[in-house]
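One structure below.
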Amino acid sequence: MTNRKVKIESRNDSFTSKIKSEITSELPSDDNEFLVKETRIHGYDVMELMDSCDYNDVFFLLYSGELPTDEQKNLLRQLSVFLINLGPRHSSSRTAANAAVGRTDVNHILPIAIMGMGGAYGGSKEVESAMRFLRKHAGESPKTVAENCIKSTPDPKEEDWILAPGFGTDFRGQSPFLIKAKDKLLQSSPDNGYLNWANNFVTFLPIDNSCGWRLAGVVAAVLLDLNIEPRLGSGIFQMLASPGAFAHGIQFSNKPITDIPFLKDEDYEIKNDQ
Amino acid sequence: MTNEQWLIKRGKITTNRGGWRIGEAIYNCGYSMMDDLVGKKSFFQTLILNVTRKMPSKVLADWFEASFICLSWPDSRIWCNQNGSLIGAVKGSPVAGVAAGILSADSRMYGPGSISGGAEFIERALKWHKQGMEPLDIIKKELATKQTKPGTKPVIVGYARPIATGDERVEAMEIVTKKLGFKEGEHLKLAFKIHTTLAEHYQENMNYVGYVTAFLTDQGFTPTEMYRIYSTWVHSGVHACFAEANDDIAGGFLPLACEDIEYTGVAPRGLPKRK
């Protein structure tokens with residue numbers, strides 16, 4: 001075939017006629033097929049879950065298909081408390097606050113906050129990438145992996161040195177708060193798990209250049225230790241970190257616009273270097 | 001190294017894009033918006049200026065406008081459009097509906113999310129071609145780098161399309177390209193060679209992203225610039241789908257009864273006894 005012109009043809013893909021769910025079964029009410037008389041999540045009656053389980057139990061059930069073991073429950077509890085508030089300086093809180101003080105419809109504050117935490121630098125994209133990195137390399141020697149990372153990623157000097165997603169410098173330093181949280185999580189993590197492997201891995205990173213943990217590295221390792229797949233990691237991070245971001249945003253929804261700095265012209269320099 | 005790079009940016013913004021000097025002017029990349037842009041330049045010229053800091057010619061901006069029309073049609077079965085419809089049907093705001101549609105198209109399979117992959121491929125392909133590789137060798141080499149699930153066909157970004165084979169938008173944009181007086185550059189020429197070779201050997205064709213990225217690479221745009229310019233690519237079709245569903249009865253877009261969902265999970269079970 002030499003002709004550029006092509007015939008447009010359907011692939012005739014065989015699409016399903018029904019949406020499938022392995023999570024939820026809904027029993028229709030007797031007189032209206034759009035209404036439900038019983039709902040089950042992975043086989044468990046929601047009424048029974050309401051009596052016997054807490055939020056994290058059902059959260060874990062939704063994504064893994066089973067209720068958590070005591071060890072998983074404790075690890076998830078610690079991680080969710082750690083992530084519930086990334087603080088007012090995190091981009092998720094700031095995007096939420098900008099929206100709220102700008103009188104954005106309050107319906108949109110949380111979605112905007114979640115978009116603000118979606119980045120590959122300190123956000124959920126970095127968590128997902130860190131999970132993929134750890135899953136790929138956790139069977140290898142931490143020393144060799146660290147040496148390869150150092151070799152393949154030169155220090156950019158002018159910004160953070162990120163040797164692998166989730167690992168490197170953070171504002172050219174290491175957060176003492178993050179290290180404390182990591183140490184606490186380490187006590188609840190499996191001995192042969194991802195967090196322990198990563199804890200070994202960082203010992204081979206250039207400590208003189210403040211290389212070590214970034215938030216995403218800790219979160220990624222714990223999520224993997226909870227048997228959570230990398231493709232789920234970014235969304236689960238977003239959900240766990242949403243409460244604090246929303247709280248920091250919504251507090252401005254009834255405040256004057258002057259409650260968030262609007263830089264004076266002398267602090268807003270317009271360069272015309274065309 | 002310390003944190004000095006961040007310290008110098010605290011409480012201060014330095015921009016080469018522009019801003020508002022109250023009582024003086026609004027600046028866009030060195031232009032005064034009210035004096036130089038409004039009524040004198042098109043929306044697409046201004047958009048591309050804001051992204052790239054370079055003012056494109058009117059004909060190039062017109063090409064972009066035509067290319068935006070092509071990627072957005074009001075078929076509410078398309079995934080991003082359907083999200084506009086669903087949000088319209090639950091009486092969400094039009095901004096939420098359109099924003100959700102735009103975000104939905106940040107996809108590896110279609111829309112602006114596939115731009116970078118397409119642009120990077122044709123850059124890579126031309127480099128290989130200049131090293132002596134023929135289109136079939138380029139295709140084989142590229143496909144060999146693809147990791148796909150067993151049973152699925154590997155694809156080159158920009159050279160396959162979901163739902164259908166072939167792409168009517170390529171032909172339509174070829175007409176626009178010629179009409180506006182553009183000549184085919186080396187990336188686009190190679191893209192068409194890959195297109196015909198793929199059709200012969202793999203029964204796949206260049207799609208719209210393949211065409212657009214090859215053309216714009218010839219025009220000097222980087223993959224990053226293309227991704228940024230096209231970030232809202234699908235919005236027109238989402239607008240249409242949102243509006244129609246929003247005007248209908250609440251919940252009236254493709255309503256699902258309980259039995260429309262096929263449950264494939266575990267059988268009903270009782271809760272285990274907890275310690």
Point-to-point distance, once rounded to the nearest 0.5 Å, from [atom1] of [X] to [atom2] of [Y]:
X	Y	atom1	atom2	answer
K7(A)	N205(B)	NZ	CG	12.5 Å
D267(A)	R10(B)	CG	CZ	12.5 Å
K271(A)	T14(B)	NZ	OG1	6.5 Å
I163(B)	R11(A)	CD1	CZ	9.0 Å
I13(B)	Y268(A)	CD1	OH	6.0 Å

For the backbone of H42(A) and the side chain of R269(B), can you confirm whether one donor and one acceptor N or O come within less than 3.5 Å of each other?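 Flag set: sc R269(B) to bb H42(A) pair under 3.5 Å.
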Check whether K18(A) reaches the backbone of E259(B) with its side chain - one donor and one acceptor, N or O, closer than 3.5 Å.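 Yes; judged by distance alone, with no hydrogens or angles, the pair exists.
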If you draw a 6.0 Å radius around [atom1] in [X], do more than 12 non-hydrogen atoms from other residues or ligands fall strictly inside?
X	atom1	value
E48(A)	CD	yes
R94(A)	CZ	no
I22(B)	CD1	yes
I257(A)	CD1	no
F177(A)	CZ	no

Of all the heavy-atom pairs spanning F34(A) and P255(B), show the shortest one and how long it is.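 Taking every non-hydrogen atom into account, CE2-CB, 3.7 Å.
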Below 4.5 Å, heavy-atom pairs only: which of P111(A), S25(A), S10(A), P28(A) has the largest tally toward chain B?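 Ranked by heavy-atom pairs under 4.5 Å with chain B, first place is S25(A).
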Taking the side chain as every heavy atom from C-beta outward, state whether [X] and [Y] have any atom pair closer than 4.5 Å.
X	Y	answer
Y263(B)	T24(A)	no
E33(A)	C258(B)	no
T2(B)	R172(A)	no
W20(B)	I270(A)	no
E262(B)	S17(A)	no
K20(A)	I261(B)	no
L49(A)	L271(B)	yes
L67(A)	P272(B)	yes

Out of A100(B), G92(B), G265(B), return the one with the most heavy atom pairs under 4.5 angstrom to chain A.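 Top count of heavy-atom pairs under 4.5 Å with chain A: G265(B).
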Find the one option among A267(B), G18(B), A96(B) whose heavy-atom pairs under 4.5 Å with chain A are most numerous. G18(B)
Region of [X] that comes under 4.5 Å of a non-hydrogen atom in chain B:
X	value
D160(A)	both
L263(A)	side chain
D13(A)	side chain

Under a 4.0 Å threshold between the charged nitrogen and the carboxylate oxygen, would K12(B) count as salt-bridged to E266(A)?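 Salt bridge flag = no for K12(B) with E266(A).
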Under a 4.0 Å threshold between the charged nitrogen and the carboxylate oxygen, would K9(B) count as salt-bridged to E269(A)?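 The answer is no: the pair does not qualify as a salt bridge.
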Heavy-atom proximity to chain A below 4.5 Å, by part of E171(B):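 E171(B) touches chain A through side-chain heavy atoms alone.
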Can you tell which part of L256(B) gets under 4.5 Å to a heavy atom of chain A, answering side chain, backbone, both or neither?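 For L256(B), backbone and side chain are both near chain A.
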